[in-house]
Amino acid sequence: MDPARTPGIFLHQYAGLPHGAAFEHWRERAVGPCGLDIGPTHGDNIDCRLQISVVDNIALAIPEGASAQYSRTQSHLADGSDDLVLIAAHAGLVRVGQNGHSVELAPAQMVLVDMSVTGTVGHTEADRFTTIRMPRRALLDIRPRAEDKLSQVLLDGAVAETIFRYHALAANHAPHLDAVGQRLTAQHMVDLVGLLLGTDAENANRARGRGQAAARFDLMRADVMAALGRNDLCLSEVATRSGLSPRQAQRLFEQAGTTFTEFVLEQRLLHARKLLADPRARARKISDIAHSSGFADLSYFNRAFRKRFGATPSELREA
């Protein structure tokens with residue numbers, strides 16, 4: 001899928017001096033609607049590529065490039081936005097300013113900032129970050145004292161890792177979902193942020209059961225889809241990547257009405273059927289398609305395919 005052509009995903013790129021007609025046009029389209037201004041992190045030039053993915057009521061940003069600093073100034077506060085933003089450092093040393101206070105984030109550290117006050121954050125080629133912007137009320141519903149954590153460096157290994165991975169998955173795929181799917185994804189993301197901030201027992205149990213579990217299940221499914229061609233794919237490997245034991249991971253699959261083995265088999269068969277029906281793959285041998293779909297045994301592939309679709313791979317291709 002091409003992110004640039006997906007409704008809900010906006011790509012903005014600029015390289016040059018921070019003035020002139022081209023810059024003003026880009027600034028109005030890229031950061032103006034976000035209530036931000038932009039300038040160079042260092043030197044005189046801006047070099048920026050910004051992806052913003054809108055998923056229901058949250059916005060996921062992935063800024064890249066050699067020099068760009070985003071700022072929320074006094075003049076921007078008139079828009080009345082009081083959203084909260086989680087900034088997560090991926091590399092280097094990310095400097096975040098908020099209402100005269102500044103923090104430095106090392107990789108895997110995060111900070112919650114407030115859109116109702118002034119602030120800055122910048123990136124270079126070495127210093128990289130992502131952000132999650134969410135309505136204040138949505139986060140306060142799961143973490144009523146979230147504002148107590150503003151401008152504090154946050155780090156929670158398991159939850160932070162889930163946030164990092166779920167952000168990457170949601171930013172590129174969630175805008176393709178229907179309205180219900182997007183709403184659930186946004187809620188799961190807010191639940192994860194609530195867990196990162198720490199919450200009372202009742203809300204923590206709700207966030208774990210509703211948000212963290214769902215996010216981890218989505219991540220495991222994405223890991224399976226990315227590795228369908230490997231015939232050594234196993235539950236323990238997929239579970240470990242999501243910070244779960246094999247039994248915990250199996251339980252999540254069971255709660256979804258399947259098992260890990262059944263899910264993998266179904267996705268491999270669907271992948272093989274898609275290739276068999278693709279005119280561009282007409283010249284590929286059926287054995288090659290079976291192997292590339294993760295089947296080491298061709299006879300088992302043929303039996304499983306016929307049982308699932310009521311026809312052999314050869315018959316489906318001819319039809």
Side-chain angles (χ1 to χ4, degrees), residues 1-6 8-9 53 55 161-162 164-178 180-182 184-185 188 213-319:
M1 299 178 185
D2 182 1
R5 298 184 178 182
T6 300
I9 298 182
S53 300
V55 182
E161 176 64 20
T162 303
F164 275 112
R165 295 188 62 216
Y166 199 55
H167 183 290
L169 179 68
N172 290 306
H173 296 286
H176 297 274
L177 300 175
D178 61 16
V180 174
Q182 290 197 30
L184 290 173
T185 300
H188 299 160
R216 284 175 164 171
F217 184 59
D218 286 346
L219 290 170
M220 287 193 295
R221 290 193 300 176
D223 285 342
V224 169
M225 299 302 294
L228 281 179
R230 286 178 42 201
N231 54 41
D232 62 344
L233 182 63
C234 64
L235 176 61
S236 60
E237 176 187 347
V238 173
T240 299
R241 277 183 53 80
S242 293
L244 299 169
S245 70
R247 181 67 195 115
Q248 290 171 319
Q250 186 66 278
R251 190 176 299 119
L252 289 180
F253 279 99
E254 290 169 356
Q255 289 171 356
T258 185
T259 68
F260 175 78
T261 301
E262 290 169 348
F263 178 76
V264 172
L265 175 60
E266 174 72 2
Q267 298 308 313
R268 283 175 169 163
L269 290 171
L270 290 173
H271 180 67
R273 184 179 68 170
K274 181 179 178 181
L275 291 176
L276 288 166
D278 188 348
R280 294 169 297 181
R282 183 74 181 177
R284 292 183 65 177
K285 294 181 179 179
I286 289 178
S287 59
D288 178 45
I289 288 177
H291 293 152
S292 67
S293 300
F295 292 95
D297 186 328
L298 184 59
S299 59
Y300 171 70
F301 166 67
N302 285 320
R303 291 195 306 273
F305 193 94
R306 181 165 191 164
K307 181 178 179 181
R308 174 64 177 84
F309 300 116
T312 66
S314 300
E315 291 169 345
L316 186 140
R317 169 173 271 182
E318 290 305 316

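We're numbering straight along the sequence, starting at 1. Predicted model only: the values in this text are computed from it and were never measured.
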Identify the heavy atoms of Asn231 and Ala296 that sit nearest to each other, and give their distance.
ND2-CB, 3.7 Å
Under a 4.5 Å cut-off applied to non-hydrogen side-chain atoms, are [X] and [Y] in contact?
X      : Y      : result
Met225 : His271 : no
Leu244 : Thr240 : no
Thr162 : Ser242 : no
Ser245 : Gln248 : yes
Ser53  : Asn172 : no
Phe305 : Thr312 : no
Arg221 : Asp218 : yes
Pro313 : Arg306 : no

Side-chain donor or acceptor of [X] paired with backbone N/O of [Y] under 3.5 Å:
X      : Y      : value
Glu262 : Thr259 : yes
Arg282 : Arg317 : yes
His291 : Ser287 : yes

Which residues share a salt bridge (charged side-chain N to carboxylate O under 4.0 Å, His left out) with Glu237, sequence neighbours left out
Arg230
Side chain to side chain contact (heavy atoms under 4.5 Å, CB included) between Ile289 and Phe295, intermediate numbers included:
CA-CA 9 Å; Ile289 288 177; Phe295 292 95; over 6 Å; no
Stepwise, does the salt bridge (charged side-chain N to carboxylate O under 4.0 Å, His left out) test hold for Arg216 with Glu161?
CA-CA 10 Å; Arg216 284 175 164 171; Glu161 176 64 20; over 6 Å; no
Whether Phe253 and Phe260 hold their rings parallel, tilted or perpendicular, with breakpoints at 30° and 60°:
perpendicular
Name the one of Lys274, Arg273, Arg268 that satisfies side-chain contact (heavy atoms from CB on, under 4.5 Å) with Leu270?
Arg273
Decide if atom CZ of Arg280 counts as having more than 12 heavy atoms of other residues, nucleotides or ligands within a radius under 6.0 Å.
no
Should Arg165 and Asp223 count as an ion pair when the cut-off is N to O under 4.0 Å?
yes
Give the C-alpha distance, both sets of side-chain angles, the deciding distance and a yes or no for side chain to side chain contact (heavy atoms under 4.5 Å, CB included) between Ser292 and Leu275.
CA-CA 10 Å; Ser292 67; Leu275 291 176; 3.9 Å; yes
Does Glu315 form a side chain to side chain contact (heavy atoms under 4.5 Å, CB included) with Glu318? I'd like the steps, not just the answer.
CA-CA 5 Å; Glu315 291 169 345; Glu318 290 305 316; 5.9 Å; no
